[in-house]
Amino acid sequence: MEGQMGSSQGSGRVTAPEPTIAPISTLAHRVLSGEIVLPKYQRAFVWEPEQVLYLLDSVRRNYPIGSLLMWRTSDRRLASGHEIAGLTAVPQVSGALVQYVIDGQQRLASLVGAMHGEGARWGIGFDLAREEFLYLTEETPAGAHVIPVRDLDSASSMMAWVLRDKPTDEHVRRAQALSDQFRGYQVPVVTMLEVTEEDSARIFERINSTGTRMDIVDLVRAGTWSSDFDIKEEIEQLLQVLDRKRYGRVDTKSMLRTISAAAGLGFSTKSIQDLRRLDRAELQDAVTEASKAAARAVDFLFTQIRTPRAEALPYYNQFAVLVELFRQLPKPSADQYAAIGRWFWLTASSEYFKGWRESQMTADLDAVSAFAAGQATEIETGAALPRDVLWQRTQFSRANAPTKLHVLLMSYEKPVDLNTGQAIDTDKALAGQNDKQFHHFFPRAFLKRRGVSAARANVCGNLIMLSAITNNNVSDSPPSVYLKDLIDWHGEDTLRARLRTCLVEEDAYQAALRDDYEGFLKARSRTLHARLIDLIGSAAEGGDGSRPDVTSMGAEGSEEPDPVPDDAEPFDRDSVD
């Protein structure tokens with residue numbers, strides 16, 4: 001496959017398309033017969049329910065809904081693409097003509113699904129009294145004044161509905177008019193002839209890059225597709241590298257970034273789109289290189305950062321950068337491994353990737369290359385140092401990056417349970433949506449009795465890792481009570497040692513014994529921040545080699561936290577690109 005969209009090296013001119021018109025009922029039956037299918041590079045059905053109802057209403061009103069673009073061929077090598085509307089089609093014999101939908105899949109799937117589909121997605125009716133389409137539910141079932149859309153294409157189904165539900169004469173008239181409209185409504189169809197597979201993919205991509213916004217993976221898939229290369233399948237193979245290491249998965253766009261960087265292009269969306277200019281061999285080489293580097297990146301994250309699963313990463317784009325780093329530097333020295341760790345903790349803590357832009361991506365790629373070439377001892381980054389008030393103001397929620405960072409910090413310390421002394425299963429704790437291993441050091445019910453808001457009680461600084469059994473035993477007891485019980489059972493020195501593994505040092509411990517929540521938060525935030533600065537190490541040093549004062553990095557030099565709204569629920573996205 002030579003060059004894709006935007007390349008001057010195409011397959012040349014194609015035969016002029018053939019315009020016709022066809023009733024939607026005929027098109028639906030051609031789908032059911034297997035004559036109309038989707039090429040493999042097409043994306044799956046993505047329309048929302050409201051879009052389907054809107055389209056049906058346009059047909060009812062005899063509004064135009066646009067044309068369909070087909071590719072007619074006897075070559076069925078692409079017939080393994082998505083089914084249309086999930087309907088089982090009749091297999092065609094080899095050599096029989098088939099028409100692939102190049103443009104208009106969403107519209108055609110909606111019409112076919114509404115008239116012939118099964119299941120909740122396609123349970124659609126028309127309210128003859130209100131004259132509007134709706135989804136059939138237990139609250140709005142088909143009945144005397146609601147006719148299923150799938151009955152509109154069949155005279156026998158229409159008669160069965162009339163005899164069964166005894167609608168009014170006016171409702172029968174409206175149902176008949178609607179049925180006539182659906183069976184007679186015609187759509188313009190433009191059919192391409194004598195077109196190669198690659199040209200059909202180019203046409204699909206060109207149409208969709210200027211029309212309905214496509215997912216970047218679908219767009220690149222269409223622009224790079226050939227009969228022997230499918231970027232989506234290659235990404236799946238790349239993700240299986242993570243699966244084999246039981247690491248979980250990152251999102252597909254991040255994996256596209258790794259392929260784009262491995263191809264020498266970069267991390268940005270523009271760079272990803274430039275993959276369409278490469279030939280199949282270049283693309284395959286990039287995928288292979290990214291796959292090898294991804295395995296090295298996982299090993300580093302598992303052994304050095306102690307994050308056993310991808311979902312625990314504060315930002316997936318960190319993974320994209322790490323993959324490129326290990327592609328350029330397959331065997332780092334011990335000092336380089338340490339520097340990579342410092343880079344990880346700094347970029348994880350600074351919200352650097354929260355608004356990752358193309359200019360940052362370019363600078364980061366240059367920094368990775370300089371580091372890999374031995375021109376720098378640290379991976380230069382524009383990431384700023386975090387503030388210690390982060391832990392006092394950020395809500396504990398698995399959806400935001402600061403929480404993931406907080407959990408990683410606790411996991412890195414290899415925490416033990418305060419009551420049993422047994423190691424906490426951090427792999428289990430890091431699993432998405434698993435809150436059973438976490439405990440509010442100052443129980444929420446206790447704080448509520450003290451007049452502390454739910455949002456203020458749920459900040460990261462108030463969370464530690466505990467076993468579910470110990471969590472239940474603590475219940476809503478004040479710290480002064482349950483800590484003294486633990487002292488009686490195990491001794492104060494043992495408790496202090498266990499608290500240190502949970503990043504609760506002496507000043508926070510003493511505040512807890514006094515039930516002083518604000519004092520505890522400030523003290524623990526200092527501990528969390530100091531530990532983070534230790535992990536960032538020399539990457540946090542100023543130009544004069546000095547280390548920052550870890551106790552005075554709050555807003556405007558203050559330790560006082562910003563106000564926390566009761567409904568605070570931060571959510572982070574990897575980048576704006």
Side-chain angles (χ1 to χ4, degrees), residues 21-33 35-39 42-70 81-89 99-143 145-154 157-158 161 171 174-189 204 207-208 211-215 218:
I21 57 173
I24 57 175
S25 57
T26 299
L27 292 171
H29 287 293
R30 288 168 64 188
V31 169
L32 296 175
S33 70
E35 182 184 346
I36 295 178
V37 293
L38 295 180
Q42 275 270 26
R43 54 184 168 168
F45 185 77
V46 297
W47 267 19
E48 297 293 333
E50 294 75 14
Q51 292 175 282
V52 177
L53 299 184
Y54 194 73
L55 177 72
L56 296 177
D57 191 62
S58 292
V59 172
R60 178 180 77 88
R61 297 174 185 274
N62 208 35
Y63 292 169
I65 61 171
S67 63
L68 303 176
L69 180 62
M70 306 282 195
H82 305 292
E83 295 176 330
I84 297 180
L87 297 172
T88 302
Q99 294 203 43
Y100 291 103
V101 183
I102 304 302
D103 186 50
Q105 180 220 157
Q106 307 296 319
R107 284 168 285 147
L108 183 59
S110 297
L111 293 171
V112 175
M115 291 189 290
H116 298 282
E118 299 291 341
R121 178 193 283 272
W122 302 116
I124 302 173
F126 184 76
D127 189 322
L128 296 159
R130 302 174 63 179
E131 295 190 279
E132 65 180 20
F133 291 95
L134 73 166
Y135 279 88
L136 302 176
T137 64
E138 292 182 359
E139 290 74 27
T140 58
H145 69 289
V146 178
I147 181 172
V149 172
R150 64 174 62 97
D151 287 351
L152 297 176
D153 194 42
S154 167
S157 295
M158 281 280 292
W161 169 74
H171 288 171
R174 290 180 180 178
Q176 186 61 57
L178 186 64
S179 178
D180 291 343
Q181 175 65 15
F182 266 73
R183 285 188 287 111
Y185 186 88
Q186 299 189 94
V187 177
V189 178
F204 169 76
I207 289 169
N208 284 280
T212 302
R213 181 173 176 83
M214 295 176 65
D215 179 89
D218 290 313

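Just so we're clear, the structure is a prediction, and the values are computed from it rather than from any experiment.
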side-chain hydrogen bond (donor to acceptor under 3.5 Å, both in side chains) filter on S154, not counting sequence neighbours, yields S156, S157
Value for CG (L68) from CG (D103), rounded to nearest 0.5 Å, stands at 8.0 Å
**Prompt:** So, do L108 and I36 sit near enough that their side-chain heavy atoms are less than 4.5 Å apart?
**Reply:** yes
With sequence neighbours left out, the residues meeting salt bridge (charged side-chain N to carboxylate O under 4.0 Å, His left out) with R150 are none
Of all heavy-atom pairs linking D153 and S25, the shortest is OD1-CB, 3.3 Å
side-chain contact (heavy atoms from CB on, under 4.5 Å) filter on E48, not counting sequence neighbours, yields E50, Q51
Sequence neighbours excluded, the answer for salt bridge (charged side-chain N to carboxylate O under 4.0 Å, His left out) partners of R121 is none
Closest non-hydrogen atoms of A114 and V149, given as atom of the first, atom of the second and distance, are O-CG1, 3.6 Å
By side-chain hydrogen bond (donor to acceptor under 3.5 Å, both in side chains), E131 pairs with (sequence neighbours left out) none
Residue set satisfying side-chain hydrogen bond (donor to acceptor under 3.5 Å, both in side chains) with Q186, at least two apart, ordered chain then number -> none
By side-chain contact (heavy atoms from CB on, under 4.5 Å), S67 pairs with (sequence neighbours left out) P188
For M70 and L27, the nearest pair of non-hydrogen atoms, with its separation, is CE-CD2, 4.4 Å
**Message:** Using side-chain heavy atoms (C-beta onward) and a distance below 4.5 Å, is F133 in contact with V52?
**Reply:** no
When you measure from the side chain of R30 to the backbone N and O of E35, does any donor-acceptor pair fall under 3.5 Å?
no
* To do: Decide yes or no for M115 and L152: does some side-chain heavy atom of the first lie under 4.5 Å from some side-chain heavy atom of the second?
  => no
Applying side-chain contact (heavy atoms from CB on, under 4.5 Å) to L55 and not counting sequence neighbours gives W47, I65, R107, S110, L111
By side-chain hydrogen bond (donor to acceptor under 3.5 Å, both in side chains), S179 pairs with (sequence neighbours left out) R183
The side-chain contact (heavy atoms from CB on, under 4.5 Å) partners of A129 (sequence neighbours excluded) come to D127, H145, H171
The salt bridge (charged side-chain N to carboxylate O under 4.0 Å, His left out) partners of D57 (sequence neighbours excluded) come to R60, R61
Looking only at heavy atoms, the pair that brings F182 and I24 closest together is O-CG1, 3.2 Å
Shortest non-hydrogen pair, V187 vs G66, comes out as CG1-O, 3.5 Å
Residues L128 and A175: closest non-hydrogen pair is CD2-N, 3.6 Å
